*Asks:* 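One structure coming up, written as structure tokens, with questions to follow.
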Amino acid sequence: MTTIDSGAAHPALKPLHAAGLDLRNRLAVAPMTRVSAAPDGTPTRQMAEYYAAFARGGFGLVITEGTYTDDRYSQGYFNQPGIVTDGHVAAWREVTERVHAAGARTVQQLMHAGALSQGNPYRPGTIGPSAVAPLREMMPEYGGSGPWPVPREMTAADIDEAVAGFVAAAGNSLRAGFDGVEVHAANGYLLDQFLTDYTNRRTDGYGGALLDRLRLTAEVVKAVRAGLGPDAVIGVRLSQGKVNDFTYRWPGGARDAEVIFGALAEAGASYLHIASEGRAWVESATLDGGATITALARRVTGLPVIANGGMHDPAQAAEVLEDGHADLLSLGHGALANPDLPRRLESGAALAEFDRRLLEPMATLDNAERHRRERAGAVS
Ligand SMILES: Cc1cc2nc3c(=O)[nH]c(=O)nc-3n(C[C@H](O)[C@H](O)[C@H](O)COP(=O)(O)O)c2cc1C
């Protein structure tokens with residue numbers, strides 16, 4: 001249990017108007033895959049309740065779990081939600097209406113899994129920038145086991161299809177009532193596979209030098225911007241670490257970061273969200289020399305930046321905002337343990353510690369509910 005000093009209002013509770021979003025505070029729910037949609041990718045009532053609870057708990061922004069973008073190769077896990085069919089759009093509308101009714105804004109994370117797909121009923125096999133076996137093994141908490149398959153190298157037609165999928169999905173997100181979209185270019189999924197030297201061995205315009213490896217992400221952002229128009233909110237999530245390589249760092253450090261951030265701002269991003277996969281912000285964001293990657297992103301682009309990684313620690317959260325390292329904070333584990341974390345921060349109530357059994361053996365909402373019931377039973 002962490003107790004919060006309720007003497008002065010925490011800086012994360014200040015409202016923010018940025019990136020075209022009017023937010024009641026600076027606390028966002030980080031995107032979190034929960035593999036709890038219907039087998040055809042339709043979000044369920046249970047998911048609507050799950051998302052609404054964060055809005056009722058006071059979060060200013062709710063970012064959805066990574067949502068697949070096409071009925072080809074984008075899906076990453078069985079029971080992942082999609083934003084492809086009219087049925088998906090109608091069911092997501094219930095989510096957005098309930099989140100809005102509770103006073104929060106909501107952005108949909110758009111995800112193409114590429115080589116890190118462990119469940120896709122639409123197509124056999126996986127695709128990626130190059131036929132390179134991904135590191136490590138599939139993730140049991142999302143229903144996978146054993147080594148990843150070696151992906152097929154994407155053709156020019158596959159690339160066009162992936163870009164078109166992001167554009168169509170983004171249009172569907174806005175039709176479902178989302179306040180914006182976030183392009184998932186982090187954590188080792190398709191766009192990050194193109195950016196990463198060891199998974200991208202291409203010799204065409206999408207491989208080689210840094211800006212060529214970044215080309216696909218920039219094209220996706222430009223195409224989504226062209227599809228949605230100048231006023232739409234289009235965030236981009238980036239990370240150095242990956243779900244299958246936590247300690248990876250961009251080889252050129254701050255120099256690479258400047259090039260990547262600058263190019264994505266130029267492509268039309270509204271905000272940058274720097275993920276901290278598997279580590280705390282302080283470890284993942286500090287560059288050689290002590291500057292932070294999130295402050296660098298703000299300085300290079302002038303865009304609002306979301307910091308992530310252990311932001312449920314009130315002291316760290318305050319420092320990140322007050323010292324100008326970021327504009328907003330996103331919370332994963334802390335939000336799962338405390339869907340009402342902003343309300344607790346307001347009142348000075350203690351925060352619950354995250355219990356990993358919430359996500360074991362699988363990261364589903366059913367499992368979390370069972371775990372909560374068992375705990376309640378043990379206490380009463
Ligand atoms: C169950 C779970 C699912 C996740 N799924 C996603 C996802 O779909 N997209 C994404 O960008 N990050 C995903 N993440 C990473 C989180 O967004 C976040 O970056 C990470 O948990 C670190 O933040 P934290 O220290 O606040 O938990 C997931 C994390 C968890 C715990």
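Atoms within each ligand, like the ligands themselves, are counted from 1 in listed order. Numbers for residues simply follow the sequence, beginning at 1. What you see is a predicted model; the values in this text were computed from it and never measured.
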*Asks:* With a sphere of 6.0 Å drawn around CD of Glu266, does it hold more than 12 non-hydrogen atoms of other residues, nucleotides or ligands?
*Replies:* no

*Asks:* Counting each atom of ligand 1 from 1 as listed, which ones have a heavy atom of Gly310 under 4.0 Å away?
*Replies:* 24 (P), 25 (O), 26 (O)

*Asks:* Check if Tyr142 has a non-hydrogen atom at a distance under 4.0 Å from any atom of ligand 1.
*Replies:*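 True for this residue.
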
*Asks:* Nearest protein heavy atom to atom 28 (C) of ligand 1, by residue and atom, and its distance?
*Replies:*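 It is Pro31 O, 3.6 Å.
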
*Asks:* List the closest protein heavy-atom neighbour of atom 29 (C) of ligand 1: residue, atom name, distance to the nearest 0.1 Å.
*Replies:*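 Atom 29 (C) of ligand 1 sits closest to the protein heavy atom Met32 CG, 3.7 Å.
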
*Asks:* Do Gln316 side-chain atoms and Gly309 backbone N/O form a donor-acceptor pair below 3.5 Å?
*Replies:*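 Yes: the side chain of Gln316 pairs with the backbone of Gly309.
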
*Asks:* Could you find the nearest protein heavy atom to atom 27 (O) of ligand 1 and give me its residue, atom name and distance?
*Replies:* His333 ND1, 2.5 Å

*Asks:* Any atoms of ligand 1 less than 4.0 Å from a non-hydrogen atom of His184? List them with their elements.
*Replies:* 9 (N), 10 (C), 11 (O)

*Asks:* Note the single closest protein heavy atom to atom 26 (O) of ligand 1, along with its residue, its atom name and the distance in Å.
*Replies:*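 So the nearest neighbour among protein heavy atoms is Gly332 N, 2.7 Å.
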
*Asks:* Could you tell me the residue and atom name of the protein heavy atom closest to atom 5 (N) of ligand 1, and the distance to it rounded to 0.1 Å?
*Replies:* Thr33 N, 2.8 Å

*Asks:* Identify, by atom number and element, the atoms of ligand 1 in contact range of Leu331, meaning under 4.0 Å from any of its heavy atoms.
*Replies:* 26 (O)

*Asks:* Starting from atom 11 (O) of ligand 1, find the nearest protein heavy-atom neighbour and note its residue, name and distance.
*Replies:*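 Here the nearest protein heavy atom works out to Arg237 NH1, 2.7 Å.
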
*Asks:* Are Arg45 and Glu49 close enough for a salt bridge, meaning some N to O gap below 4.0 Å?
*Replies:* no

*Asks:* Numbering the atoms of ligand 1 from 1, which are under 4.0 Å from a heavy atom of Gly66?
*Replies:* 8 (O)

*Asks:* For atom 22 (C) of ligand 1, what's the nearest protein heavy-atom neighbour? Residue, atom name and distance, please.
*Replies:*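 Protein heavy atom at minimum distance: Asn308 OD1, 3.4 Å.
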
*Asks:* Go through ligand 1 atom by atom and flag the ones less than 4.0 Å from a non-hydrogen atom of Gln109.
*Replies:* 7 (C), 8 (O), 9 (N), 10 (C), 11 (O)

*Asks:* Considering heavy atoms of the protein only, find what lies nearest to atom 15 (C) of ligand 1 and give residue, atom and distance to 0.1 Å.
*Replies:*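 The answer is Glu277 OE1, 3.7 Å.
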
*Asks:* Any atoms of ligand 1 less than 4.0 Å from a non-hydrogen atom of Asn187? List them with their elements.
*Replies:* 10 (C), 11 (O), 12 (N)

*Asks:* Whether the side chain of Arg152 engages the backbone of Ile127 through a donor-acceptor N/O pair (distance < 3.5 Å, no angle test) should be reported.
*Replies:* no

*Asks:* Are Arg215 and Glu219 close enough for a salt bridge, meaning some N to O gap below 4.0 Å?
*Replies:* no

*Asks:* So do the side chains of Met154 and Phe194 get within less than 4.5 Å of each other, counting heavy atoms only?
*Replies:*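 Heavy-atom side-chain distance check passes, below 4.5 Å.
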
*Asks:* Could you tell me which atoms of ligand 1, counted from 1 in the order shown, lie closer than 4.0 angstrom to a heavy atom of Ala30?
*Replies:*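 In order of number, 17 (O).
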
*Asks:* Please classify the Ser239 to ligand 1 contact at 4.0 Å (heavy-atom distances, strictly less than): side chain, backbone, both or neither.
*Replies:*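 The answer is neither.
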
*Asks:* Is there any N or O on Gly334 that sits under 3.5 Å from an N or O of ligand 1?
*Replies:* no

*Asks:* Cationic tip of Arg136 within the cone over Phe246's six-membered ring, i.e. under 6.0 Å and within 45° of the normal?
*Replies:* yes

*Asks:* Would you please say whether a donor-acceptor pair under 3.5 Å links the side chains of Asp327 and Tyr271?
*Replies:* no

